[in-house]
Amino acid sequence: MPRAPKPGTKVRGSRTGRPVMALLDLLGRRWALRVVWELRGDPLTSRALREACGVSPTVLHDRMRELRDAGLVSLAEPAGYALTPLGRELFERFLPLVEWSERWAEALRRGGRAAK
């Protein structure tokens, strides 16, 4: 059974378990970022998440357990899964990366040069 990486414990890429390394370990797991992305709006049932992500039930179950253990997702019966306030804050921190990625993609389309 997969365990959620925790700050202060050994995680992939870090023997010290610095909080940022624990977060990167968690979010680097298959489908974890996609699940957080899909939960950005209203709560979703397990079935709706599987359909939105195209992920197997087993992998989704593992990711949901890890994200719940990490305090980023909660089960909001009967509506399904939702981001916790901490998970919502994490999602909001992604938004500048989304904006940056759009500029990056445009720069690559223009031959790899970033706009000034």
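In this chain, residues are counted from 1 in sequence order. All heavy atoms count here, side chains included; hydrogens, waters and symmetry mates do not.
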Sub-4.5 Å side-chain heavy-atom contact between [X] and [Y]:
X: V73; Y: T84; value: no
X: L39; Y: R88; value: no
X: F94; Y: L27; value: yes

Do the side chains of [X] and [Y] join up, straight or via other hydrophobic residues, at under 4.5 Å, putting them in one cluster?
X: L75; Y: L60; value: yes
X: V20; Y: V36; value: no
X: V35; Y: L95; value: yes
X: L67; Y: L24; value: no
X: M21; Y: L90; value: no

- [ ] Please collect all ring-ring contact (aromatic ring centres under 6.0 Å, His included) contacts where either partner lies in residues 57-83, sequence neighbours excluded, each pair once.
- [x]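 Listed once each, the pairs would be none.
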
Show the nearest heavy-atom pair for residues [X] and [Y], with the distance to one decimal.
X: R50; Y: S56; value: CD-C, 4.3 Å
X: A22; Y: P5; value: O-CB, 3.6 Å
X: A4; Y: D69; value: CB-CB, 3.8 Å

- [ ] Output all residues satisfying side chain to side chain donor-acceptor pair (under 3.5 Å) with R47, sequence neighbours left out; order by chain, then residue number.
- [x]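 Residues passing side chain to side chain donor-acceptor pair (under 3.5 Å) with R47: none at all.
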
Task: Any residue meeting salt bridge (charged side-chain N to carboxylate O under 4.0 Å, His left out) with R40, in chain and number order, not counting sequence neighbours - done: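 For R40, no residue satisfies salt bridge (charged side-chain N to carboxylate O under 4.0 Å, His left out) once neighbours in sequence are set aside.
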
Task: With sequence neighbours excluded, residues passing salt bridge (charged side-chain N to carboxylate O under 4.0 Å, His left out) with E89 - done: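 With sequence neighbours excluded, E89 shows a salt bridge (charged side-chain N to carboxylate O under 4.0 Å, His left out) to R93, given in chain and number order.
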
Task: Check against side-chain contact (heavy atoms from CB on, under 4.5 Å), E38 and C53 - done: CA-CA 8 Å; E38 294 298 339; C53 296; 3.8 Å; yes

Task: Nearest-0.5 Å distance that lies between atom CG in L26 and atom CG in L33 - done: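 CG of L33 is found 8.5 Å from CG of L26.
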
Open item on the list: I need the L86 CG to L72 CG distance, nearest 0.5 Å.
Closed with: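 If we round to the nearest 0.5 Å, L86:CG and L72:CG are 5.5 Å apart.
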
Open item on the list: Looking at R30, is its backbone amide N or carbonyl O close enough to the side chain of R63 to form a donor-acceptor pair, meaning the two atoms are under 3.5 Å apart?
Closed with: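 Answer holds: yes.
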
Task: Any donor-acceptor pair under 3.5 Å from R34 side chain to A52 backbone - done: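 Checked: pair present.
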
Task: All ring-ring contact (aromatic ring centres under 6.0 Å, His included) counterparts of F91, not counting sequence neighbours - done: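 F91: ring-ring contact (aromatic ring centres under 6.0 Å, His included) contacts with W37.
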
Identify all side-chain donor-acceptor contacts of residues 8-19 below 3.5 Å with residues at least two apart in sequence or on another chain.
from, atom 1, to, atom 2, distance (Å)
T9, OG1, K6, O, 2.7
R12, NE, D25, OD1, 2.7
R12, NH2, D25, O, 3.0
R12, NH2, D25, OD1, 3.0
S14, OG, T16, N, 3.3
S14, OG, T16, OG1, 3.2
S14, OG, G17, N, 2.9

Open item on the list: Quick test of your reading of the model: are R103 and E106 salt-bridged, counting only N-O distances below 4.0 Å?
Closed with: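 Looking at E106 together with R103, the answer is no, because their closest N to O distance does not fall below 4.0 Å.
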
